[in-house]
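Below is one structure, written out as structure tokens, with a few remarks after it.
The model shown is predicted, which means the values in this text are computed figures rather than measured ones. Chain letters run A, B, ... following the sequence lines, proteins first and then strands; every chain starts at 1.
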Amino acid sequence: MKTRNLFAVALGALALAGATLVANNTAIAGDHGHAHAAVGQAAPTFTLTDTDGNTHNLADYKGKVVVLEWFNPQCPFVVRHYKDQTMINTYNEFKDQGVVWIAINSGAAGKQGAGLELNKQMKSEWNIPYAVALDESGKVGHMYAAKTTPHMYIINKDGVLAYAGAIDNDPSGKDTGATNYVAQALKQVLAGETVTETNTKPYGCSVKYAD
Amino acid sequence: MLPRMKKLLRIAAGLASLAPATLSSAQPASGDDPVTARLIGETTALVPGQVFHLGVSFEIDEGWHMYWKNPGESGAAPRIKLDLPGWLTAGETQWPTPDRLVLPGDILDYVHHDTLTLIVPLTVAQDAPIGEAAEIRAELWWLMCDDEMCIPGGAETSLQTTVSAESSPSPFASRFDSARRTHPVTPPTDALHASLSGETLTLVVPGATSLTFLPGPRPSPAPSNMVYAGAADADRLVISFDDGLGDAAAISGTLVVRDASNKPRFWRVEVPTH
């Protein structure tokens with residue numbers, strides 16, 4: 001742990017020292033020991049346990065389309081989307097077409113929205129029909145470079161990342177004609193079409209990582 | 001246990017303000033909230049034919065932050081909705097330069113600590129009624145975060161003033177001066193060498209010991225890898241735009257320049273993309 005932190009500090013210091021390291025930024029991406037997920041490449045596999053005690057291994061879902069939603073039940077942006085039913089409606093629209101949806105909370109113990117009890121409670125309160133998985137170490141969040149709650153990813157039937165970004169184009173929640181990027185990309189992925197918008201800028205609270 | 005309860009109550013209070021319809025209270029945020037907001041004027045009155053500077057002033061508790069107009073990879077910029085008499089016209093909001101904040105997970109945000117004063121220039125029409133009382137009303141929404149959490153805040157607040165043939169500095173004038181100290185200005189001739197080659201922007205300031213680039217919000221294109229490329233103890237920055245430049249006419253932002261004197265300067269960067 002200590003060595004890794006020192007390594008990260010050393011990398012950071014090197015990066016600050018000048019522009020020469022820019023060309024080597026792939027090395028920096030390995031800062032947490034993993035290459036980051038990228039659209040068009042194989043989605044990193046993981047195993048996580050949800051609030052009901054079930055384990056989810058991404059490899060088990062090969063042949064299905066998987067949506068990952070970075071989640072924090074106390075982040076105001078997430079609260080708004082659950083009040084508006086954005087995620088649940090999107091899931092309901094596609095669930096019969098073999099779409100698996102997993103909400104992932106990468107908040108570290110003690111941070112806003114973290115912890116088994118709270119997430120269990122909110123899953124029940126909000127009637128969330130899909131799994132809420134806990135990633136308190138932040139390992140999976142780091143693999144996907146998840147920055148915000150919500151931050152959305154779509155993995156196609158071949159296990160390739162097809163979309164990364166925002167749920168929609170309406171950060172302020174005031175646009176009734178917002179484009180739901182996830183619904184748009186899911187339609188295209190399921191129809192075997194090219195995804196028109198594969199990367200959008202996610203918005204929300206920062207993921208409350210431990211490190 | 002108790003601080004946790006307090007926080008949850010705060011969240012509950014904050015959530016209520018998320019829905020615009022429930023923003024009926026005219027009370028400014030106060031008391032236990034990490035951020036309090038109020039409207040202030042730079043001068044004591046509105047003078048017909050002149051520009052009145054309205055300040056939307058936030059006091060931010062230690063450990064908390066609010067967001068710049070480009071919040072970065074998370075967070076959200078505060079929003080101001082003004083309700084003005086017909087003879088007042090609002091110009092573009094002027095923002096001070098934010099701080100970079102790198103969070104665990106290499107999440108880069110652009111934030112404000114301690115105080116934030118947004119300046120809105122209000123042009124007073126020639127025929128504004130001298131001697132009359134005037135009320136400037138604002139509906140405010142913001143997101144505030146500390147290391148652990150983010151909560152929304154909101155307030156409906158107003159400033160009572162009058163239309164007069166003359167005005168003098170208000171007791172709040174110094175806050176405007178402080179805010180303007182970090183407003184970006186046009187760099188001196190030849191002080192900044194900015195060049196765009198393909199999707200790579202190079203900014204060079206001869207003699208600088210440290211540079212920090214704070215990219216403007218859209219439509220300015222989003223640079224890549226800014227955790228490492230956005231700041232350096234060097235006289236140059238090399239910033240790539242891996243997602244392309246889109247159809248934006250220019251890359252815009254603020255460059256913070258330090259040299260041997262260590263006194264920061266704040267420059268406006270505007271690099272045409274074509």
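Distance check, rounded to the nearest 0.5 Å: CG of B:Asp147 to NZ of A:Lys208 gives 8.5 Å. With rounding to the nearest 0.5 Å, the separation of CG in B:Asp106 from OH in A:Tyr209 is 10.0 Å. Atom-to-atom distance recorded for B:Asn70:CG and A:Lys201:NZ is 6.0 Å, nearest 0.5 angstrom. Distance check, rounded to the nearest 0.5 Å: CD1 of B:Ile151 to SG of A:Cys75 gives 12.0 Å.
Counting non-hydrogen atoms of neighbouring residues, nucleotides and ligands closer than 6.0 angstrom, the CG atom of B:Asp190 reaches no more than 12 such neighbours. The neighbour count for B:Asp247 CG, taken as heavy atoms of other residues, nucleotides or ligands under 6.0 Å away, does not exceed 12. Around atom NZ of B:Lys81, no more than 12 heavy atoms belonging to other residues, nucleotides or ligands sit under 6.0 Å away. The number of heavy atoms from other shown groups lying within 6.0 Å of CZ (B:Arg218) does not exceed 12. Enclosure of atom CD in A:Glu193 by more than 12 non-hydrogen atoms of other residues, nucleotides or ligands within 6.0 angstrom is indicated.
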One pair to check against side-chain contact (heavy atoms from CB on, under 4.5 Å): A:Cys205 and B:Met149. What are the steps and the verdict?
CA-CA 8 Å; A:Cys205 308; B:Met149 66 197 318; over 6 Å; no
Test salt bridge (charged side-chain N to carboxylate O under 4.0 Å, His left out) on B:Glu73 and A:Lys147 and set out the steps.
CA-CA 7 Å; B:Glu73 292 182 308; A:Lys147 304 280 189 185; 3.4 Å; yes
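For A:Ser106, no part sits under 4.5 Å from any heavy atom of chain B, backbone or side chain. Using a 4.5 Å cut-off between heavy atoms, A:Ala210 contacts chain B through its backbone alone, with no side-chain atom that close. B:Leu103 touches chain A through its side chain: at least one heavy atom from C-beta onward sits under 4.5 Å away, while N, CA, C and O do not. When heavy atoms are compared at a cutoff of 4.5 Å, B:Asp243 does not approach chain A at all. B:Ile239 does not touch chain A: none of its heavy atoms, backbone or side chain, sits under 4.5 Å away.
A pairwise comparison of heavy atoms in A:Ala146 and B:Ile107 identifies O-CD1, 4.4 Å as the closest pair. The nearest pair of heavy atoms linking A:Phe77 to B:Gly75 is CZ-O, 4.3 Å.
Within the 4.5 Å cutoff, the side chain of B:Cys150 has heavy atoms near those of the A:Pro76 side chain.
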